[in-house]
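See structure below.
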Amino acid sequence: MSRDWFTAGRAAPLWFGCFGPTIGPMQPATQSSLSRTNRGTVHHWRQTLIPTTREAPADAESPSHVLLSRAGYIRRLGAGIYDYLPLAWRVLRKVSQIVREEMEAAGGSELLLPAMLPIELYAGTKRDVTYGDLLFKVTDRKGAVSALGPTHEEPVTELVKGSVTSYKQLPLNLFQIQTKYRDEARPRSGLLRCREFIMKDAYSFHMEVEGTGGLNEAYDAMYRAYTNIFTRCGLSFTAVEAESGPIGGSASHEFMVNCESGEDTILVCPVSGYAANVEKCETGARHGTLDGAPTGALTEVHTPGLPGIHEVGKFMGVKPERMLKTIVFQVEGRAAGVSGEPMGGPHEPKWVLAVVRGDHDVNEGKVKAATGYAVTLADEKAARAAGFAIGYVSPRMVSRAGEGGGGAVVMVVDHDAAAGGFWASGSDKPDHHVKHFNWGREVGETLRDPRYVKLADVRNAMAGDPSPRAEGAKLEARRGIEVGHIFKLGTKYSEAIGLTILDQAQQKRPVIMGCYGIGVTRTMAACVEMSHDADGIIWPGAIAPYHVLITVMKHDSEQHLDGARRVAADLAAAGMDVLIDDRDERPGVKFKDADLIGIPVRVTVGDKALAEGAVEFKARKDKGKGENVKFEEVVARCAAAVETVL
RNA sequence: CGGGGUGUAGCGCAGCUUGGUAGCGCGUUUGACUGGGGGUCAAAAGGUCGUGGGUUCAAAUCCCGCCACCCCGACCA
């Protein structure tokens, strides 16, 4: 049998054994410490801590939270704060090791940075403000404030600033795997949203975006490394295009574990393979012309005190998809990185109206792209002062609001909202809506002025929308859990912190950066969400805490224990990690616990099989009782099973 | 941050309305029987009832403050 059976099917780097040589009952130190080895570990249940319980803590709801708690992997110590017990730590180390190997293979270099960071470090990038309450802060005896690092862009940029002095030292990719902190408003779902969690973050530094040594090259290498990592972990995942978010930067991908219980929605095109998260997802061509004929006389309806579009629609007898939702944004300045002329003619507008159908959601990023302006949801007070009846705004306001009307307001209309037929809309005065809204009649002249009104894709994509990449195909919605995220950062942090380097032409330039994160603890939880059944966890072989669980039927039978240890020694010699359940428990208890903790293969040593010179073999994912396998065939069977579980 | 809810033994819960110093299941310990899917019987250990104050002869129970935690929403590089 191949020594690197568990790395088959991929370009395997040198394998020195997951955790280095381990000394167990079956492994004399003299043997295991001699040399590099892929010898597995053998542990006994009674010598470790696996506190399984019949019932989960009352606060556990998601499958990963319930099962990791019940199976003795984690314990909650505070809101969003967990102990990682021995089984969990073994999983986390295996995930980390895979991450480490792939990051190093992709040119990364591991280091460790402080968790406690002087708050001044964050002042430079204003993240002490933009991160806000999400940033954990501690005060020392002198009153100095430190942040507990939620990510490490600032310290690593600071480090490189002080230690890299020549473009010849770039590119550089530094990564760390360590505990990070975020004061989440609402920690939930166990390990999926914690306040303290383990994360791998990598940061790359470049002089150029393009070409050898450039950001794009590193980004692509990271993309491939992430694909390798999650594939090796045995996860079913999708890489999706994503908005780069408040962290800044130009491009990003999220790696999502496919799982119905996931919090995030992603959209995929089944034909082209295009995949993106809801915020980023484009839609294919849609048609709307604003040319529809009136459906009747504009009728005002009194709609007092109704909280949302659905309630208003119900009250008026109009479906949300026949209502216009007009959202008021305020302009924050020209948008960076948006090509084309901004709207509004010579003067920068103050307000942007975005109109979508009542059943659709406005997408701020798309509004920004369509108008050429950075926008935020309008401050309610300021908007009211400018004449907007917030909650009851209609598209008519494009030519009415603001100081002197025209020019102060521009409007982007989503294609679906521009269709003909019946529309209901706000009426620009509180507690009133209108029926039979007609674009041409109600908005008038301004509607045809491309400086002020534009048709554009300004809403979130939904399942059923036309694919942007394949004619005739429809987008499908899937659920997922984000476990990795890669960004092209650009110069945001290097400029803020002053990381500039002289290039070959003796020009001082800010260093171009990328950053690449993987939630290690979240990956473990996501894997459980993805792979479990009613009885417990079902680990993929690559990140299971042990590959094989040997259940000893009679803990006090020398014959049983000998058999177990013999099998364990063979398995360990073949590189598999083995846990021997040597507890004085009834068989039923042991089988229940075996299913619960989810080791991929269970080998049972008992009288029945021993009588045939065999043990009982059962893969966790298989139903039924298992089958007898001769001692000399056990290793091959287990190895094959662990591989197929991969 | 808004809304809802919960704090009683290691875990899951009852008791609170109508005050009288705490109970159930699981787990744990001891013994016996048992022995291939959370077994049976017997005995036992284990609780400042989140916390501070108040009312009362008497508070888990009623009143006030605080704290912690959970759920829904907002938020979520």
Side-chain angles (χ1 to χ4, degrees), chain A residues 49 51-62 65-66 69-70 72 75-81 122 125-127 130-135 147 149-154 180-190 192-195 197 199 201 203 242-249 252 254 263-264 277-279 307-308 377 481-482 484-489 492-493 513-519 522 534-536 551-557 560 581 583-596 602 604-611 615-616 618 623-626 628:
Chain A
L49 178 65
T52 60
T53 60
R54 195 190 292 257
E55 286 180 284
D59 55 39
E61 295 205 335
S62 63
H65 192 186
V66 169
S69 300
R70 282 193 53 211
R75 280 286 171 97
R76 194 182 68 80
L77 200 60
I81 311 278
Y122 282 86
T125 56
K126 299 201 175 68
R127 284 216 294 178
T130 56
Y131 236 94
D133 291 336
L134 218 49
L135 206 55
T151 63
H152 285 75
E153 283 83 2
E154 285 85 355
K180 309 212 172 191
Y181 299 85
R182 251 176 245 179
D183 194 358
E184 290 286 350
R186 186 148 92 80
R188 77 189 88 156
S189 302
L192 289 174
R193 184 167 296 277
C194 283
R195 298 202 295 170
F197 50 92
M199 194 153 181
D201 266 321
Y203 304 95
E243 289 286 348
S244 40
I247 201 166
S252 97
E254 289 173 348
E263 278 195 329
D264 300 314
N277 69 13
V278 170
E279 289 73 37
L377 204 58
I481 300 168
E482 179 190 351
H485 204 157
I486 58 179
F487 296 86
K488 292 179 186 175
L489 278 182
K492 174 178 170 151
Y493 290 92
M513 294 173 58
C515 77
Y516 319 93
I518 289 179
R522 184 184 273 192
D535 296 317
T551 303
V552 181
M553 295 308 297
K554 292 179 183 165
H555 77 284
D556 52 357
S557 155
H560 287 195
D581 186 353
R583 292 175 301 167
D584 175 14
E585 285 289 354
R586 299 178 62 83
V589 173
K590 293 188 176 191
F591 291 144
K592 284 288 184 191
D593 278 346
D595 289 343
L596 190 56
R602 190 186 80 202
T604 307
V605 181
D607 291 331
K608 288 180 186 172
L610 280 179
V615 294
E616 183 188 290
K618 180 180 174 299
K623 296 288 163 201
K625 286 279 179 190
N628 286 352

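All heavy atoms count here, side chains included; hydrogens, waters and symmetry mates do not. Chain letters run A, B, ... following the sequence lines, proteins first, then strands; residues in each count from 1.
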For nucleotides B:G37 and B:C71, find the distance between their P atoms and express it as a whole number of Å.
37 Å

Contact class for A:Ala79 (heavy atom, under 4.0 Å): base, sugar-phosphate, or nothing?
sugar-phosphate

Is there a side-chain contact between A:Arg186 and the phosphate of B:C72, meaning an N or O under 4.0 Å from OP1 or OP2?
yes

Would you kindly check whether a donor in the side chain of A:Arg70 faces an acceptor in the base of B:G38, or vice versa, at under 3.5 angstrom?
yes

Does A:Arg75 reach a base, just sugar-phosphate, or nothing at all? Heavy atoms under 4.0 Å.
nothing

Just the rounded figure in Å: distance from P of B:G12 to CG of A:Asp59.
8 Å

With no hydrogens and no angle check, is any side-chain donor or acceptor of A:Arg522 less than 3.5 Å from a backbone partner on A:Glu482?
yes

Side-chain touch A:Asp201/A:Lys180, heavy atoms, less than 4.5 angstrom:
yes

Quote, to the nearest angstrom, the P distance that separates B:U40 from B:G35.
14 Å

Categorize A:Ala56 for me: base, sugar-phosphate, or nothing, with a 4.0 angstrom heavy-atom threshold over every strand shown.
sugar-phosphate

B:U48 to B:U61 separation - P atoms, rounded to the nearest Å
16 Å

Quick one: which of B:G38, B:G37, B:C13 gets closest to the side chain of A:Lys618?
B:G37

Nucleotide paired to B:C33 in any strand shown, Watson-Crick or G-U, under 3.5 Å:
B:G39

Counting N and O atoms only, with roles assigned by atom type, does the side chain of A:Arg70 sit under 3.5 Å from a partner on the main chain of A:Arg54, one being a donor and the other an acceptor?
yes

What contact category does A:Lys625 fall into here, base, sugar-phosphate, or nothing, at under 4.0 angstrom with non-hydrogen atoms?
base

What contact category does A:Arg76 fall into here, base, sugar-phosphate, or nothing, at under 4.0 angstrom with non-hydrogen atoms?
sugar-phosphate

Taking a pair as Watson-Crick or G-U wobble with both distances under 3.5 Å, which nucleotide is matched to B:G10?
B:C26

Between B:G37, B:G12, B:C71, which one does the side chain of A:Pro57 approach most closely?
B:G12

Flag the pair A:Tyr203 / A:Thr151 as yes when at least one side-chain heavy-atom distance between them is below 4.5 Å, and no otherwise.
yes

Residue pair A:His560 / A:Asp607, side-chain donor-acceptor N/O under 3.5 Å:
yes

Distance-only donor-acceptor test (3.5 Å): side chain A:Arg602, base B:G37:
yes

Can you tell me the distance, in whole Å, between the CG atom of A:Asp556 and the P atom of B:U34?
14 Å

Taking atom P in both B:C26 and B:G2, compute the distance separating them and give it to the nearest angstrom.
43 Å

Quick one: look up who B:C75 pairs with, Watson-Crick or G-U, both distances under 3.5 Å, and put none if it's unpaired.
none

Could you let me know what B:C69 is paired to, Watson-Crick or G-U wobble, both distances under 3.5 Å, or none if it's on its own?
B:G5

Nucleotide nearest A:Glu55 when distance is taken to its side chain, options B:G38, B:G37, B:G12:
B:G12

Starting at CD of A:Glu184 and ending at C1' of B:C69, how long is that distance when rounded to a whole Å?
16 Å

Lys/Arg N to Asp/Glu carboxylate O, A:Arg127 vs A:Glu153, below 4.0 Å:
yes

Give me the distance, rounded to whole Å, that separates B:C66 from B:A44 when you measure between the C1' atoms they each carry.
39 Å

When you check the phosphate oxygens OP1 and OP2 of B:G27, does a side-chain N or O of A:Arg54 lie under 4.0 Å from one of them?
yes

Send over the distance from A:Asp593 CG to B:C11 P, rounded to a whole Å.
18 Å

State whether the distance check finds a donor on one side and an acceptor on the other, under 3.5 Å, for side chain A:Arg586 versus base B:G38.
no

Quote, to the nearest angstrom, the P distance that separates B:C75 from B:A14.
34 Å

Taking for each residue the nucleotide of RNA chain B bearing the nearest heavy atom, is the 5' side occupied by A:Glu263 or by A:Gly606?
A:Gly606

For atom CZ of A:Arg195 and atom C1' of B:C76, their distance in whole Å
14 Å

What is the separation between atom CG on A:Leu377 and atom C1' on B:C75, rounded to the nearest whole Å?
14 Å

Check this for me: does any side-chain nitrogen of one of A:Lys554 and A:Asp556 sit under 4.0 Å from a carboxylate oxygen of the other?
no

What distance, rounded to whole Å, do you find between the two C1' atoms, one in B:A43 and one in B:U8?
25 Å

Please state the P separation for the pair B:C76 and B:G4 - nearest whole angstrom.
24 Å

CG of A:Asn277 versus P of B:C76: gap in Å, rounded?
13 Å

Rounded to whole angstroms, how far apart are CD on A:Glu585 and P on B:U34?
19 Å

Between A:Tyr516 and A:Asp584, name the one whose nearest nucleotide on RNA chain B is closer to the 5' end.
A:Asp584

Please check: side-chain N/O of A:Lys590 versus main-chain N/O of A:Val552, any donor-acceptor pairing under 3.5 Å?
yes

Anti/syn call for B:U21, syn if |chi| within 90°
syn

With both distances under 3.5 angstrom, what nucleotide forms a Watson-Crick or G-U wobble pair with B:A59?
none

Using a 4.0 Å heavy-atom cut-off, does A:Asp133 contact any base of the nucleic acid, only the sugar-phosphate backbone, or nothing at all?
nothing

